[in-house]
Amino acid sequence: MNNAQLICLLDAISTTRIGIIGDFCLDAYWFIDEAMSEISVETNRATQPVRQQQYSLGGAGNVAANLAAMGINSIRIFGVIGPDPFGAEMVRIMLAQGMDTHNLLVQQEGWHTHTYAKPYLNELELNRVDFGNYNQLDTATADRLIDRLIAGISDIDIMIINQQVPSGIHTDYLKAKLRAVIGQFPEKKFIVDSRHYNDYYAGSIRKMNDTEAVRLCGMVRTPDEPVPYSEVVTAAHALFDRYGKPLFITRGSKGSMVIDQNGISDIPGLMIVSQVDTVGAGDSYLAGAASALAAGYDPRTAAYLGSLVAGVTVQKLFQTGTANRDEILAIGKDPD
């Protein structure tokens, strides 16, 4: 794809309307500076003073943040937060980025905003502090969320379904309701990226990594174990036969693969020589691919855009980064 074609693609996605239903999380970065540490009177232990703190959207929120940075016209959020300061911070960030949060519901009891607090000391990440691991979604909240989705789906070009955590919104009850919605609107595009339920949402496009793909075909691989190309191809064909919908398979530094009715297309990886942070790269890829599909482009073009977006964000350290239009154009001019 040349520069003029990439400009046309970015112009096209800027007019799209994209919805996201899933596990919205907040990443909290706390940078500790021990220069002002003191001994606590209460515990007789040294305190850990935070010199700087910053917050960014994670999980489904990182997908939304990437869409916002790319200039998507309308981003509608469908999710659940708790009545806590982290939820308020999440909403503040979303509104500042132009997202529609009217369908981000607050469950008053049994739910804490999924937050991952990451203390850093001299660029070393210390033990993470997690919030939301014991969440339980009420059926009443699930019903409200699905009703909101059905009411707004006619104004959405593509719906992204994100599943990030075991204690998120994807209970058996909500999954059944959501799968029924997919069946109710067969003309609508749905794309699923799920850590645990990629095999579940019939009628949707899938995005997954190579390890997840071969596992779904009965081949056991650990997360850090390289997956041979031949096995990815075998899995791609088997899963396309199973789902009957386009499938995106990311392969880390090796690029990605997409399969549809026209067969398999390989998207080469980008050669990045700088230090990288791959946290959130899959979300960035998903945002790029989904936005191109929403604009009516074919899966191969969608995969190419996804690769460019991820190529930008992996070079941003200590953050779940995003890629704006200028950054995508810059990496697109010389994608080695």
With a cutoff of under 4.5 Å between side-chain heavy atoms, which Ile, Leu, Val, Met, Phe, Trp and Tyr residues group with [X]?
X    : result
I259 : M208, V214, L216, M219, V227, Y229, V232, V233, L239, F240, Y243, L247, I249, M257, I264
V220 : none
Y116 : V165

Examine distances only and state if a side-chain atom of [X] and a backbone atom of [Y] form a donor-acceptor pair shorter than 3.5 Å.
X    : Y    : value
H170 : N162 : yes
Q107 : Q136 : yes
N73  : R17  : no
D298 : R300 : yes
R148 : H102 : yes
E212 : N209 : yes
T171 : L174 : yes
Q97  : M99  : no
T301 : Y297 : no
S256 : T250 : no

Nearest non-hydrogen partners of [X] and [Y], listed with the distance:
X    : Y    : value
F24  : I77  : CZ-CG2, 3.4 Å
V106 : R144 : O-NH1, 4.3 Å
Q5   : N2   : N-OD1, 2.8 Å
S291 : I72  : CB-CD1, 3.8 Å
V258 : P299 : CG2-CB, 3.5 Å
D23  : I169 : OD1-N, 2.9 Å

With the 4.5 Å side-chain cut-off for hydrophobic clustering, are [X] and [Y] part of the same group?
X    : Y    : value
I156 : I20  : no
L293 : F190 : no
I81  : I75  : yes
I160 : F185 : no
L105 : V91  : no

Intermediate values then yes/no, side-chain hydrogen bond (donor to acceptor under 3.5 Å, both in side chains), T322 and N66: CA-CA 5 Å; T322 60; N66 273 277; 5.4 Å; no

task: Output every pair passing ring pair (Phe, Tyr, Trp, His ring centres under 6.0 Å) with a member in residues 247-268, not counting sequence neighbours, ordered by first then second residue.
output: none

- prompt: Do Q54 and Y29 meet the criterion of a side-chain donor-acceptor pair at a distance under 3.5 Å?
  reply: no

Return the [atom1] to [atom2] distance between [X] and [Y], rounded to the nearest 0.5 Å.
X    : Y    : atom1 : atom2 : result
I328 : L305 : CD1   : CG    : 6.0 Å
Y304 : I267 : OH    : CD1   : 9.0 Å
N62  : S56  : CG    : OG    : 7.0 Å
I331 : D326 : CD1   : CG    : 13.5 Å
D138 : L145 : CG    : CG    : 12.5 Å
Q53  : I32  : CD    : CD1   : 11.5 Å

task: Under the side chain to side chain contact (heavy atoms under 4.5 Å, CB included) rule, what do K188 and I153 come out as? Steps first, then yes or no, please.
output: CA-CA 8 Å; K188 189 65 61 176; I153 201 166; 4.1 Å; yes

Ring-face cation of K175 near Y201 (centre distance under 6.0 Å, axis angle within 45°): no

[X] [atom1]: over 12 foreign heavy atoms closer than 6.0 Å:
X    : atom1 : result
E109 : CD    : no
E125 : CD    : yes
N3   : CG    : yes

- request: With sequence neighbours excluded, give me every salt bridge (Lys or Arg N to Asp or Glu O under 4.0 Å) pair touching residues 77-101.
  value: E89-R92

field: salt bridge (Lys or Arg N to Asp or Glu O under 4.0 Å) between R325 and D11, intermediate numbers included
entry: CA-CA 9 Å; R325 179 188 177 96; D11 287 342; 2.8 Å; yes

- request: Would you mind telling me which of Q163, Q164, K207 makes a side chain to side chain donor-acceptor pair (under 3.5 Å) with D193?
  value: K207

task: Could you walk me through whether I13 and L67 pass side chain to side chain contact (heavy atoms under 4.5 Å, CB included), step by step?
output: CA-CA 9 Å; I13 67 173; L67 293 173; over 6 Å; no

- prompt: Going through the distances and angles, do S204 and I191 end up as a side chain to side chain contact (heavy atoms under 4.5 Å, CB included)?
  reply: CA-CA 5 Å; S204 64; I191 183 168; over 6 Å; no

Salt bridge between [X] and [Y], side-chain N to carboxylate O under 4.0 Å?
X    : Y    : value
D27  : K118 : yes
R221 : D210 : no
K177 : D172 : no
R242 : D199 : yes

query: Does the pair Y55 and W30 meet the rule for a side-chain hydrogen bond (donor to acceptor under 3.5 Å, both in side chains), with working shown?
result: CA-CA 9 Å; Y55 299 87; W30 298 339; 3.2 Å; yes

So [Y] and [X], do their side chains get closer than 4.5 Å, heavy atoms only?
X    : Y    : value
N103 : L149 : no
L104 : F78  : no
F131 : N133 : no
L6   : L10  : yes
S167 : H114 : yes

task: Scan for side chain to side chain donor-acceptor pair (under 3.5 Å) pairs involving residues 32-42, sequence neighbours excluded, and state none if there are none.
output: D33-R51, S40-E42, S40-T43

query: Would you call the rings of Y197 and Y200 parallel, tilted or perpendicular, where under 30° means parallel and over 60° means perpendicular?
result: perpendicular

task: Start with the C-alpha gap between T115 and D130, add the side-chain angles, then the distance that decides, and say whether side chain to side chain contact (heavy atoms under 4.5 Å, CB included) holds.
output: CA-CA 6 Å; T115 304; D130 295 354; over 6 Å; no

